[in-house]
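Some notes on the structure that comes next.
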Amino acid sequence: MPELPEVETIVRDLRPHLRGRRLAAVLSVNPLVLRYPSAESFRVAAEGAVFGVLGRRGKFIHAPLSSGDQLVVHLGMTGTLTLEHGAEPVRAHTHLRLQLDSGQELRYRDPRRFGRVLLGPERHLRQAGLLPPLGPDPLDRTFVGWPGNGPVRSSGRAVKAVLLDQEVVAGCGNIYADEALYLARLRPTRPASSLSASQWARLGAALTVVMKEAIRRRGTSFSDYRDGFGARGEAYESLMVYGRSGLPCVRCGRSLVARRIAGRTTVYCRWCQR
DNA sequence: AACGAGTCCTGATCGC
DNA sequence: TGCGATCAGGACTCGT
(Lines give C-alpha, C1' and ligand atoms only; values in the text may rest on other atoms or scores of the structure.)
Protein backbone atom coordinates (compact mmCIF):
# COMPACT_ATOMS: atom_id res chain seq x y z
CA MET A 1 0.00 0.00 0.00
CA PRO A 2 1.35 3.39 -0.84
CA GLU A 3 2.89 5.06 2.17
CA LEU A 4 5.27 8.02 2.23
CA PRO A 5 8.11 6.42 0.19
CA GLU A 6 5.79 5.12 -2.51
CA VAL A 7 3.95 8.44 -2.80
CA GLU A 8 7.24 10.35 -2.87
CA THR A 9 8.54 8.10 -5.64
CA ILE A 10 5.45 8.73 -7.73
CA VAL A 11 5.64 12.48 -7.15
CA ARG A 12 9.31 12.60 -8.17
CA ASP A 13 8.55 10.52 -11.27
CA LEU A 14 5.65 12.63 -12.43
CA ARG A 15 6.83 16.12 -11.42
CA PRO A 16 9.04 16.93 -14.44
CA HIS A 17 6.49 15.51 -16.86
CA LEU A 18 3.53 17.43 -15.49
CA ARG A 19 5.09 20.81 -14.81
CA GLY A 20 3.92 23.34 -17.38
CA ARG A 21 1.66 20.87 -19.13
CA ARG A 22 -1.83 21.97 -19.98
CA LEU A 23 -4.72 19.76 -18.94
CA ALA A 24 -6.37 19.46 -22.33
CA ALA A 25 -9.39 17.36 -21.40
CA VAL A 26 -10.98 15.36 -18.64
CA LEU A 27 -11.56 12.12 -20.52
CA SER A 28 -13.33 10.47 -17.61
CA VAL A 29 -13.88 10.91 -13.90
CA ASN A 30 -15.66 8.44 -11.64
CA PRO A 31 -17.90 10.25 -9.13
CA LEU A 32 -17.28 7.39 -6.69
CA VAL A 33 -13.70 8.52 -6.08
CA LEU A 34 -14.26 12.24 -6.65
CA ARG A 35 -14.99 13.57 -3.17
CA TYR A 36 -15.19 17.19 -4.30
CA PRO A 37 -16.58 18.90 -6.32
CA SER A 38 -19.20 17.35 -8.64
CA ALA A 39 -18.01 15.65 -11.82
CA GLU A 40 -19.35 18.49 -13.94
CA SER A 41 -17.71 21.20 -11.81
CA PHE A 42 -14.50 19.19 -11.86
CA ARG A 43 -14.51 19.15 -15.63
CA VAL A 44 -15.17 22.86 -15.95
CA ALA A 45 -12.52 23.78 -13.37
CA ALA A 46 -9.82 21.40 -14.58
CA GLU A 47 -9.90 21.73 -18.36
CA GLY A 48 -7.46 24.28 -19.70
CA ALA A 49 -5.51 24.61 -16.45
CA VAL A 50 -1.72 24.30 -16.41
CA PHE A 51 0.12 22.08 -13.92
CA GLY A 52 2.53 23.68 -11.45
CA VAL A 53 5.10 21.81 -9.36
CA LEU A 54 3.79 18.52 -7.99
CA GLY A 55 4.17 18.08 -4.24
CA ARG A 56 3.43 15.67 -1.41
CA ARG A 57 2.11 16.06 2.11
CA GLY A 58 2.05 12.83 4.05
CA LYS A 59 0.31 10.40 1.73
CA PHE A 60 -1.46 13.15 -0.23
CA ILE A 61 -0.33 14.19 -3.70
CA HIS A 62 -0.87 17.88 -4.41
CA ALA A 63 -0.87 19.23 -7.94
CA PRO A 64 -1.21 23.02 -8.01
CA LEU A 65 -3.01 24.32 -11.07
CA SER A 66 -2.73 27.69 -12.79
CA SER A 67 -6.35 28.35 -11.82
CA GLY A 68 -5.40 28.51 -8.15
CA ASP A 69 -7.00 25.16 -7.45
CA GLN A 70 -5.17 22.12 -6.17
CA LEU A 71 -5.74 18.70 -7.65
CA VAL A 72 -5.33 16.40 -4.65
CA VAL A 73 -5.03 12.61 -4.87
CA HIS A 74 -4.87 10.10 -2.04
CA LEU A 75 -4.05 6.58 -3.24
CA GLY A 76 -5.68 4.70 -0.38
CA MET A 77 -4.48 1.12 -0.39
CA THR A 78 -4.45 0.13 -4.02
CA GLY A 79 -4.29 3.39 -5.91
CA THR A 80 -1.83 4.14 -8.71
CA LEU A 81 -1.21 7.42 -10.50
CA THR A 82 0.61 6.92 -13.76
CA LEU A 83 1.55 8.76 -16.90
CA GLU A 84 0.78 6.73 -19.99
CA HIS A 85 0.54 7.22 -23.70
CA GLY A 86 -3.02 7.86 -24.77
CA ALA A 87 -2.92 4.79 -26.98
CA GLU A 88 -2.23 2.47 -24.03
CA PRO A 89 -5.25 0.30 -23.22
CA VAL A 90 -7.23 1.59 -20.25
CA ARG A 91 -7.11 -0.94 -17.42
CA ALA A 92 -10.10 -1.90 -15.30
CA HIS A 93 -10.76 0.31 -12.24
CA THR A 94 -9.34 3.42 -13.91
CA HIS A 95 -11.33 6.22 -12.29
CA LEU A 96 -9.71 9.33 -13.68
CA ARG A 97 -8.21 10.06 -17.09
CA LEU A 98 -6.67 13.46 -17.75
CA GLN A 99 -5.43 14.19 -21.23
CA LEU A 100 -2.39 16.44 -21.39
CA ASP A 101 -1.27 18.70 -24.22
CA SER A 102 1.78 16.42 -24.57
CA GLY A 103 -0.45 13.64 -25.87
CA GLN A 104 0.06 11.67 -22.68
CA GLU A 105 -2.58 10.78 -20.13
CA LEU A 106 -2.47 10.98 -16.37
CA ARG A 107 -4.43 7.99 -15.11
CA TYR A 108 -5.65 7.23 -11.63
CA ARG A 109 -6.52 3.60 -11.02
CA ASP A 110 -7.74 2.10 -7.75
CA PRO A 111 -9.39 -1.35 -7.60
CA ARG A 112 -10.54 -1.07 -3.99
CA ARG A 113 -11.53 2.56 -4.23
CA PHE A 114 -10.18 3.47 -0.81
CA GLY A 115 -8.48 6.45 -2.39
CA ARG A 116 -9.96 9.79 -3.33
CA VAL A 117 -9.64 12.78 -5.63
CA LEU A 118 -10.28 16.40 -4.71
CA LEU A 119 -10.15 19.67 -6.61
CA GLY A 120 -10.41 23.16 -5.22
CA PRO A 121 -8.59 26.00 -3.49
CA GLU A 122 -6.56 24.47 -0.67
CA ARG A 123 -8.02 26.74 2.00
CA HIS A 124 -11.48 25.75 0.94
CA LEU A 125 -10.69 22.03 1.01
CA ARG A 126 -9.11 22.38 4.42
CA GLN A 127 -12.00 24.34 5.89
CA ALA A 128 -14.46 21.82 4.53
CA GLY A 129 -12.61 19.06 6.39
CA LEU A 130 -11.68 17.33 3.15
CA LEU A 131 -7.98 17.70 3.96
CA PRO A 132 -7.29 16.44 7.48
CA PRO A 133 -4.63 18.02 9.68
CA LEU A 134 -1.24 16.32 9.35
CA GLY A 135 1.72 16.03 11.68
CA PRO A 136 5.35 16.62 10.68
CA ASP A 137 6.77 14.68 7.75
CA PRO A 138 9.81 12.45 8.46
CA LEU A 139 11.58 13.86 5.39
CA ASP A 140 11.04 17.45 6.48
CA ARG A 141 13.26 19.65 8.63
CA THR A 142 10.28 20.22 10.90
CA PHE A 143 10.63 16.59 11.99
CA VAL A 144 13.69 17.41 14.11
CA GLY A 145 12.80 17.02 17.77
CA TRP A 146 9.76 14.87 17.00
CA PRO A 147 7.36 14.35 18.70
CA GLY A 148 8.07 17.41 20.82
CA ASN A 149 6.74 17.74 24.33
CA GLY A 150 3.05 17.61 23.56
CA PRO A 151 0.36 15.12 24.60
CA VAL A 152 1.85 12.35 22.45
CA ARG A 153 4.63 11.76 24.96
CA SER A 154 2.20 11.20 27.83
CA SER A 155 -0.32 9.15 25.86
CA GLY A 156 -1.16 5.66 27.02
CA ARG A 157 -1.71 4.48 23.45
CA ALA A 158 0.48 1.76 22.01
CA VAL A 159 3.42 3.33 20.21
CA LYS A 160 2.39 1.43 17.07
CA ALA A 161 -1.00 3.16 17.12
CA VAL A 162 0.74 6.51 17.57
CA LEU A 163 2.85 5.93 14.44
CA LEU A 164 -0.26 5.24 12.37
CA ASP A 165 -1.85 8.51 13.49
CA GLN A 166 -1.36 10.94 10.59
CA GLU A 167 -1.75 13.86 12.95
CA VAL A 168 1.32 12.68 14.87
CA VAL A 169 3.52 11.73 11.93
CA ALA A 170 2.45 12.25 8.33
CA GLY A 171 2.94 9.49 5.79
CA CYS A 172 3.59 6.51 8.04
CA GLY A 173 1.51 3.39 7.40
CA ASN A 174 1.56 -0.19 8.60
CA ILE A 175 4.70 -1.31 6.77
CA TYR A 176 7.06 1.45 7.81
CA ALA A 177 5.65 1.67 11.32
CA ASP A 178 6.74 -1.93 11.87
CA GLU A 179 10.08 -1.37 10.16
CA ALA A 180 10.86 1.75 12.21
CA LEU A 181 9.93 0.04 15.49
CA TYR A 182 12.20 -2.86 14.59
CA LEU A 183 15.10 -0.60 13.71
CA ALA A 184 14.60 1.35 16.95
CA ARG A 185 14.31 -1.95 18.87
CA LEU A 186 11.05 -0.93 20.47
CA ARG A 187 8.13 -3.26 21.13
CA PRO A 188 5.02 -2.01 19.25
CA THR A 189 2.78 -2.63 22.29
CA ARG A 190 4.72 -0.22 24.50
CA PRO A 191 2.55 2.62 25.80
CA ALA A 192 3.82 5.86 24.29
CA SER A 193 4.18 7.27 27.79
CA SER A 194 6.75 4.58 28.68
CA LEU A 195 9.33 5.70 26.11
CA SER A 196 12.34 7.63 27.34
CA ALA A 197 13.60 10.74 25.57
CA SER A 198 16.41 8.77 23.96
CA GLN A 199 13.99 6.09 22.80
CA TRP A 200 11.82 8.73 21.12
CA ALA A 201 14.92 10.10 19.47
CA ARG A 202 15.81 6.60 18.26
CA LEU A 203 12.31 6.09 16.89
CA GLY A 204 12.29 9.43 15.10
CA ALA A 205 15.65 8.70 13.52
CA ALA A 206 14.48 5.20 12.56
CA LEU A 207 11.42 6.61 10.79
CA THR A 208 13.58 8.88 8.67
CA VAL A 209 16.04 6.09 7.90
CA VAL A 210 13.45 3.52 6.79
CA MET A 211 11.60 6.09 4.67
CA LYS A 212 14.75 7.28 2.92
CA GLU A 213 15.98 3.76 2.31
CA ALA A 214 12.63 2.75 0.81
CA ILE A 215 12.66 5.80 -1.46
CA ARG A 216 16.16 4.82 -2.60
CA ARG A 217 14.66 1.48 -3.62
CA ARG A 218 11.72 3.20 -5.31
CA GLY A 219 9.10 1.90 -2.89
CA THR A 220 7.68 -1.39 -1.71
CA SER A 221 5.76 -3.46 -4.25
CA PHE A 222 4.15 -6.61 -2.99
CA SER A 223 0.71 -6.14 -4.44
CA ASP A 224 -0.67 -3.13 -6.23
CA TYR A 225 1.94 -0.42 -5.85
CA ARG A 226 3.53 0.93 -9.01
CA ASP A 227 5.62 4.04 -9.58
CA GLY A 228 4.66 6.95 -11.81
CA PHE A 229 5.45 4.94 -14.92
CA GLY A 230 3.79 1.70 -13.85
CA ALA A 231 6.94 -0.14 -12.71
CA ARG A 232 7.47 -2.00 -9.44
CA GLY A 233 9.68 -0.87 -6.54
CA GLU A 234 12.38 -2.95 -4.93
CA ALA A 235 12.01 -2.21 -1.22
CA TYR A 236 10.08 -5.37 -0.43
CA GLU A 237 13.26 -7.42 -0.50
CA SER A 238 14.82 -5.22 2.16
CA LEU A 239 11.99 -5.25 4.69
CA MET A 240 13.08 -6.63 8.05
CA VAL A 241 9.74 -7.53 9.64
CA TYR A 242 6.69 -6.64 7.56
CA GLY A 243 5.29 -9.76 5.89
CA ARG A 244 7.89 -11.96 7.65
CA SER A 245 5.80 -13.42 10.48
CA GLY A 246 7.20 -16.83 11.50
CA LEU A 247 10.47 -16.21 9.65
CA PRO A 248 13.73 -15.73 11.54
CA CYS A 249 14.69 -12.29 12.84
CA VAL A 250 17.65 -11.16 10.77
CA ARG A 251 19.36 -9.95 13.94
CA CYS A 252 18.90 -12.82 16.43
CA GLY A 253 17.43 -15.67 14.36
CA ARG A 254 14.39 -16.19 16.56
CA SER A 255 10.95 -16.40 14.94
CA LEU A 256 9.18 -13.11 14.33
CA VAL A 257 5.68 -12.97 15.77
CA ALA A 258 2.48 -11.34 14.46
CA ARG A 259 -0.08 -9.63 16.65
CA ARG A 260 -3.00 -7.38 16.02
CA ILE A 261 -2.37 -3.91 17.41
CA ALA A 262 -4.54 -0.90 16.71
CA GLY A 263 -6.50 -3.06 14.29
CA ARG A 264 -3.43 -3.78 12.15
CA THR A 265 -1.30 -6.87 11.74
CA THR A 266 1.95 -6.08 13.49
CA VAL A 267 5.14 -8.12 13.13
CA TYR A 268 8.03 -7.84 15.56
CA CYS A 269 10.81 -9.71 17.34
CA ARG A 270 10.05 -10.51 20.96
CA TRP A 271 13.71 -10.76 21.77
CA CYS A 272 15.15 -7.73 20.00
CA GLN A 273 12.27 -5.35 20.59
CA ARG A 274 11.67 -4.50 24.24
C1' DA B 1 -9.93 10.56 25.47
C1' DA B 2 -9.12 6.54 23.43
C1' DC B 3 -10.20 2.28 22.31
C1' DG B 4 -12.50 -1.53 19.41
C1' DA B 5 -15.61 -2.61 15.86
C1' DG B 6 -17.82 -1.80 11.59
C1' DT B 7 -17.61 0.20 6.90
C1' DC B 8 -16.05 0.77 2.29
C1' DC B 9 -13.86 -2.46 -1.70
C1' DT B 10 -11.57 -6.14 -4.89
C1' DG B 11 -8.20 -9.59 -5.63
C1' DA B 12 -5.24 -13.18 -3.93
C1' DT B 13 -5.16 -17.27 -1.54
C1' DC B 14 -6.75 -21.41 0.81
C1' DG B 15 -9.46 -25.46 2.09
C1' DC B 16 -12.52 -28.70 0.50
C1' DT C 1 -12.03 -27.08 -11.59
C1' DG C 2 -14.66 -24.33 -8.87
C1' DC C 3 -16.58 -22.14 -5.15
C1' DG C 4 -17.15 -19.97 -0.74
C1' DA C 5 -14.58 -18.16 3.14
C1' DT C 6 -10.90 -15.41 4.67
C1' DC C 7 -7.65 -11.81 4.66
C1' DA C 8 -5.30 -7.48 3.35
C1' DG C 9 -5.83 -2.32 5.48
C1' DG C 10 -6.24 3.82 5.19
C1' DA C 11 -9.34 6.60 6.87
C1' DC C 12 -13.57 7.38 8.53
C1' DT C 13 -17.85 6.72 11.67
C1' DC C 14 -20.00 5.02 15.62
C1' DG C 15 -20.52 2.97 20.13
C1' DT C 16 -18.56 2.12 24.63
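Chain identifiers are assigned alphabetically (A, B, ...) following the order of the sequence lines, protein sequences preceding nucleic acid strands; residue numbering begins at 1 within each chain.
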Residue pairs fulfilling side-chain hydrogen bond (donor to acceptor under 3.5 Å, both in side chains) with at least one residue in residues 43-53 of chain A, sequence neighbours excluded: none

Could you list all the side-chain hydrogen bond (donor to acceptor under 3.5 Å, both in side chains) pairs where at least one residue sits in residues 63-72 of chain A, not counting sequence neighbours? A/His62-A/Gln70

Who are the salt bridge (charged side-chain N to carboxylate O under 4.0 Å, His left out) partners of A/Arg126, not counting sequence neighbours? A/Glu122

Sorted by chain and number, sequence neighbours left out, salt bridge (charged side-chain N to carboxylate O under 4.0 Å, His left out) with A/Arg107 holds for A/Glu84, A/Glu105

For [X], side chain to side chain donor-acceptor pair (under 3.5 Å) partners two or more places apart:
X        : value
A/Ser102 : none
A/His93  : none
A/Ser193 : none

Distances under 3.5 Å between nitrogen or oxygen atoms of protein and nucleotides 2-5 of chain B:
unit_1 : atom_1 : unit_2   : atom_2 : d
B/dC3  : OP1    : A/Arg157 : N      : 3.4
B/dC3  : OP2    : A/Arg157 : NE     : 2.9

As a check of understanding: the bend across the helix from B/dA2-C/dT16 to B/dC16-C/dG2, end axes from five pairs, rounded to 10 degrees, works out to 50°

Distance-only check: which donor-acceptor pairs under 3.5 Å involve side-chain atoms of residues 131-138 of chain A, not counting sequence neighbours?
unit_1   : atom_1 : unit_2   : atom_2 : d
A/Asp137 : OD1    : A/Arg56  : NH2    : 3.3
A/Asp137 : OD1    : A/Leu139 : N      : 3.0
A/Asp137 : OD2    : A/Arg56  : NH1    : 2.7
A/Asp137 : OD2    : A/Arg56  : NH2    : 3.2

B/S/- contact track for nucleotides 11-16 of chain C, protein heavy atom under 4.0 Å: BS----

A/His74 and A/Phe60 aromatic ring geometry - parallel, tilted or perpendicular at 30°/60° bounds: perpendicular

Using a 4.5 Å side-chain heavy-atom cut-off and chaining through intermediate ILVMFWY residues, the residues clustered with A/Val53 come out as none

